[in-house]
2 protein chains.
Amino acid sequence: MSNDSIFGFLTFNSFTMRKKEGNKEEDILKASIEVFAQSGFYDAKISKIAELANVSIGSIYVYYKNKDDILNKIFEKIWGSLYNNLDSLVNRSDLTMVEKYDAMIDMIFDTFTENSATAIVIAHEQQRLLLRNKESFTEYYDKFVGLGEKIVKEGIKKKIFNPNIDVNIFRHFLLGAFRDLITSWAVVPDEFPLNLVRRNIKFLSKYGILNHNQE
Amino acid sequence: MSNDSIFGFLTFNSFTMRKKEGNKEEDILKASIEVFAQSGFYDAKISKIAELANVSIGSIYVYYKNKDDILNKIFEKIWGSLYNNLDSLVNRSDLTMVEKYDAMIDMIFDTFTENSATAIVIAHEQQRLLLRNKESFTEYYDKFVGLGEKIVKEGIKKKIFNPNIDVNIFRHFLLGAFRDLITSWAVVPDEFPLNLVRRNIKFLSKYGILNHNQE
DNA sequence: AATAATTTTGAGCAATGATTCAATATTCGG
DNA sequence: CCGAATATTGAATCATTGCTCAAAATTATT
């Protein structure tokens with residue numbers, strides 16, 4: 001009974017506790033991302049996910065409540081990651097506002113291109129989920145957006161960004177543009193060389209928001 | 001036999017031809033747009049559409065081959081309308097390039113805001129349909145995009161627009177931004193006053209593409 | 001009014017695919 | 001190797017809903 005401890009009451013009945021093999025939970029999530037990206041949420045078959053994850057159908061329901069739950073976990077994970085990355089960026093004082101803005105774009109860009117299947121899933125399903133789940137469908141998504149707006153507002157206060165721009169509208173403008181471009185890239189990568197897309201997003205969005213270019 | 005004429009061979013067997021009442025075909029389309037916008041294509045029930053259109057379930061299948069067919073007709077109609085409007089704009093020689101560009105934005109904006117439910121349907125389903133139907137899912141959509149690119153290219157040739165911008169990327173940038181903003185407006189109109197959205201789209205997109213603002 | 005043609009109807013068929021759960025397999029401490 | 005606890009399985013269940021089609025209703029013609 002080597003697992004005994006004075007804090008034993010805090011642990012799950014820890015002896016005769018069988019360890020789960022491999023990491024089915026993660027395998028299922030990865031497979032789901034692929035299948036959702038390929039077929040869209042509604043045409044995605046649980047059986048196909050099970051097959052791809054090398055797991056039985058029943059196992060899926062051990063780790064996830066249902067099909068929707070899988071989708072939610074996918075969002076939770078990617079927006080959590082984006083939030084954390086943006087969080088460590090937002091308070092850096094060694095960057096100018098423009099550098100910070102560029103870094104934000106790079107960060108979003110990198111995250112999505114490194115997870116292109118997830119990007120497709122988000123591009124396809126997020127709008128619908130936001131509607132269904134009117135109030136905050138993901139804690140992290142809201143936090144992420146909050147941080148993004150913070151950067152833009154800071155830029156406005158420092159008169160680097162155009163104060164006539166509505167921050168909320170700019171947010172949708174940028175994320176919307178992002179979404180279409182990332183999806184297009186993920187579907188036909190050859191038509192959308194990454195460097196080109198990144199450069200264009202930066203240029204187009206920046207010179208729409210910089211004070212620079214006022215009449 | 002008052003319907004007889006020397007062109008009688010051109011008419012359908014015109015006697016004993018019963019006229020259909022009202023306009024079920026259109027009623028069904030309108031109801032579908034509402035239901036699709038409300039619930040999304042997959043959660044939309046044919047029975048609900050029938051109810052809203054004041055029509056029996058069976059009638060729907062007289063006018064449309066199946067559920068997908070209805071969606072296609074919705075796209076065909078809105079993109080056809082957009083194409084026609086843009087077509088009469090593209091060759092006008094009484095406008096400067098900037099005026100023409102602004103008019104294009106206004107035209108898209110007006111069409112979508114006058115048909116906000118359709119706008120939501122497009123925002124939600126188009127990506128998926130484009131994927132599924134890789135090659136040209138709507139004749140009019142492709143034509144519309146072609147005209148849009150023509151305007152931008154003309155602007156570039158006249159050195160009004162920045163020649164370093166990739167036209168294809170700019171197209172996705174603009175339409176993507178549009179999509180998110182129109183959807184957001186349609187869902188929570190109070191948070192997105194139309195005039196403000198329109199002005200911001202124009203400003204943000206223009207000053208990203210005008211030669212004006214180069215460093 | 002009778003007939004014929006067309007339109008409308010909606011209960012029920014059929015297919016689909018998410019989810020369940022009783023049975024089986026695996027692991028672990030002893 | 002045993003027994004207890006946990007993990008895995010996938011055939012069977014169950015609910016859902018798109019779509020069909022035989023019957024009923026409507027309209028036009030004579």
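In what follows, chains carry the letters A, B, and so on, assigned in the order in which the sequence lines appear, proteins first and then strands, with residues in each chain numbered from 1.
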Partners meeting side chain to side chain contact (heavy atoms under 4.5 Å, CB included) with [X] (sequence neighbours left out):
X	answer
B:Gln38	none
B:Arg171	B:Tyr141, B:Val145, B:Glu149, B:Asn168, B:Leu175
A:Asn84	none

Which whole-number value in Å describes the distance from [X] [atom1] to [N] [atom2]?
X	N	atom1	atom2	answer
A:Asp27	D:dA7	CG	P	16 Å
B:Lys48	D:dG18	NZ	P	13 Å
A:Glu51	D:dT8	CD	C1'	18 Å

| said: Between B:Lys206 and B:Leu204 (side chain of the first, backbone of the second, donor and acceptor by atom type, cut-off under 3.5 Å), is there such a pair? | reply: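 Not confirmed, B:Lys206 side chain does not pair with B:Leu204 backbone.
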
| message | Can you list everything that forms a salt bridge (charged side-chain N to carboxylate O under 4.0 Å, His left out) with A:Asp180? Sequence neighbours excluded, please. | response |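 Once residues adjacent in sequence are excluded, the partners of A:Asp180 under the salt bridge (charged side-chain N to carboxylate O under 4.0 Å, His left out) criterion are B:Arg179.
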
| Any pair counted as salt bridge (charged side-chain N to carboxylate O under 4.0 Å, His left out), so long as it reaches residues 108-119 of chain B, sequence neighbours left out |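 Checked against salt bridge (charged side-chain N to carboxylate O under 4.0 Å, His left out) - neighbours excluded - the pairs reaching residues 108-119 of chain B are B:Asp110-B:Arg198.
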
| message | Treating primed atoms plus P, OP1 and OP2 as sugar-phosphate and everything else as base, which nucleotides of nucleotides 9-19 of chain C get B, S or - for protein heavy atoms under 4.0 Å? | response | BB------SSB

| Hey, is the side chain of A:Tyr63 poking within less than 4.0 Å of OP1 or OP2 on D:dT8, counting only N and O atoms? |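 A:Tyr63 to D:dT8 OP1/OP2: side-chain N or O found under 4.0 Å.
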
